[in-house]
K.L.:
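Here it is, the structure in full.
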Amino acid sequence: MSRLARRVLHSVCLLSLSAALPTETTAQTDPYLQLRLRMVEEQIERRGVRRHSVVEAMKQVPRHMFMPEAYREDAYADGPQPIGDGQTISQPYIVALMTELLELDGDEKVLEIGTGSGYQAAVLSLLARDVYTIEIRAKLAETARLTLEELGYDNIHYRVGDGYAGWVEEAPFDAIIVTAAPVEVPQTLVDQLKIGARMVVPVGRYFQDLQVITRTEDGVQTEFAGGVRFVPMITDGD
Ligand code: SAH
């Protein structure tokens, strides 16, 4: 092969690599890209998350942008991280697992309880038609909205309030994800699921069972997806 042909081939390869990723996540503009790709491979795929769309979304969303600057270095570490107000951004694997359990195909209307940093909402926004997210702490909600809007996620709808009430005006939902832990499954949220739709929710006081609840014609069907640890779901913000 001539040098020119080799060079052309090389640049085609580079082009197709960068074309597969949105501009904000190319190596030149995102110093964390390599760390993120490694996080997805080592923490997420290796632990068994297989759904292609979920893996791709986890590769794309710049997790570090959802954390206070002081903690960004740790954004791709294998654990939850502080986001202020005593709250945390969930461990990457748990975000991927809960998202996979929702079984989204791209056309859903999803409700998230506990916007927190906005990271989970960003992942969902790439996998569903519309994301409705509720946060009880006004300050966190505001920071998350600013981050998400700045990054261009434009199918997310925000509400400051108590997630126990759900979002009646927009119900029923195709999927609900609860990212703070209630002691019992909130019936109001079950009532806002379509028949056949599922809710992923960590249930318990200190340690929780991750439950996948499917609404049926005459009640619910519950599956257990392992032990997790989330901050408690509260009823009064600040
Ligand atoms: N999904 C978030 C992580 C959430 S941490 C992320 O990707 O970063 C849990 C969040 O739930 C916290 O921000 C907490 O303030 C919020 N929360 C707790 N109780 C709530 C309630 N009743 N309604 C809405 N949000 C609640």
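Atom set for the values below is all heavy atoms of this structure, side chains included, hydrogens, waters and symmetry mates excluded. Both counts, for ligands and for their atoms, begin at 1 and track the order of listing.
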K.L.:
Which atom pairs, nitrogen or oxygen on both sides, join ligand 1 and the protein at under 3.5 angstrom?
P.N.:
| residue | atom | partner | partner atom | Å |
| --- | --- | --- | --- | --- |
| ligand 1 | 1 (N) | Glu112 | OE2 | 3.1 |
| ligand 1 | 1 (N) | Gly114 | O | 2.9 |
| ligand 1 | 1 (N) | Thr179 | OG1 | 3.0 |
| ligand 1 | 7 (O) | Gln120 | N | 3.0 |
| ligand 1 | 8 (O) | Ser117 | N | 3.0 |
| ligand 1 | 8 (O) | Ser117 | OG | 2.6 |
| ligand 1 | 13 (O) | Glu135 | OE1 | 2.7 |
| ligand 1 | 13 (O) | Glu135 | OE2 | 3.3 |
| ligand 1 | 15 (O) | Glu135 | OE2 | 2.6 |
| ligand 1 | 15 (O) | Arg137 | NH1 | 2.6 |
| ligand 1 | 19 (N) | Ile234 | N | 2.9 |
| ligand 1 | 22 (N) | Asp162 | OD1 | 2.9 |
| ligand 1 | 22 (N) | Ile234 | O | 2.6 |
| ligand 1 | 23 (N) | Gly163 | N | 2.7 |
| ligand 1 | 25 (N) | Ile136 | N | 3.3 |

K.L.:
What distance do Ile89 atom CD1 and Gln87 atom CD have between them, rounded to the nearest 0.5 Å?
P.N.:
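Between Ile89 CD1 and Gln87 CD, I get 12.5 Å after rounding to 0.5 Å.
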K.L.:
Considering only NZ, NE, NH1 and NH2 on the basic side and carboxylate oxygens on the acidic side, decide whether Arg36 and Asp30 come within less than 4.0 Å.
P.N.:
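Judged by the 4.0 Å cut-off on N to carboxylate O distance, Arg36 and Asp30 do form a salt bridge.
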K.L.:
State whether Lys194 and Asp174 are salt-bridged, where the test is any N-O pair (Lys NZ or Arg NE/NH1/NH2 against Asp/Glu carboxylate O) under 4.0 Å.
P.N.:
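Salt bridge flag = yes for Asp174 with Lys194.
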K.L.:
Taking side-chain hydrogen bond (donor to acceptor under 3.5 Å, both in side chains) as the test, write out the residues that go with Glu184, two or more places apart.
P.N.:
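In terms of side-chain hydrogen bond (donor to acceptor under 3.5 Å, both in side chains), with neighbours along the sequence ignored, Glu184 is linked to no residue.
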K.L.:
So, Glu112 and Thr133: side-chain donor and acceptor under 3.5 Å apart, yes or no?
P.N.:
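Looking only at side-chain atoms, Thr133 and Glu112 do form a donor-acceptor pair, the distance falling under 3.5 Å.
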K.L.:
Write down the atom of Val95, the atom of Ser90, and the distance for their closest heavy-atom approach.
P.N.:
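Closest heavy-atom pair between Val95 and Ser90: CG2-CB, 3.8 Å.
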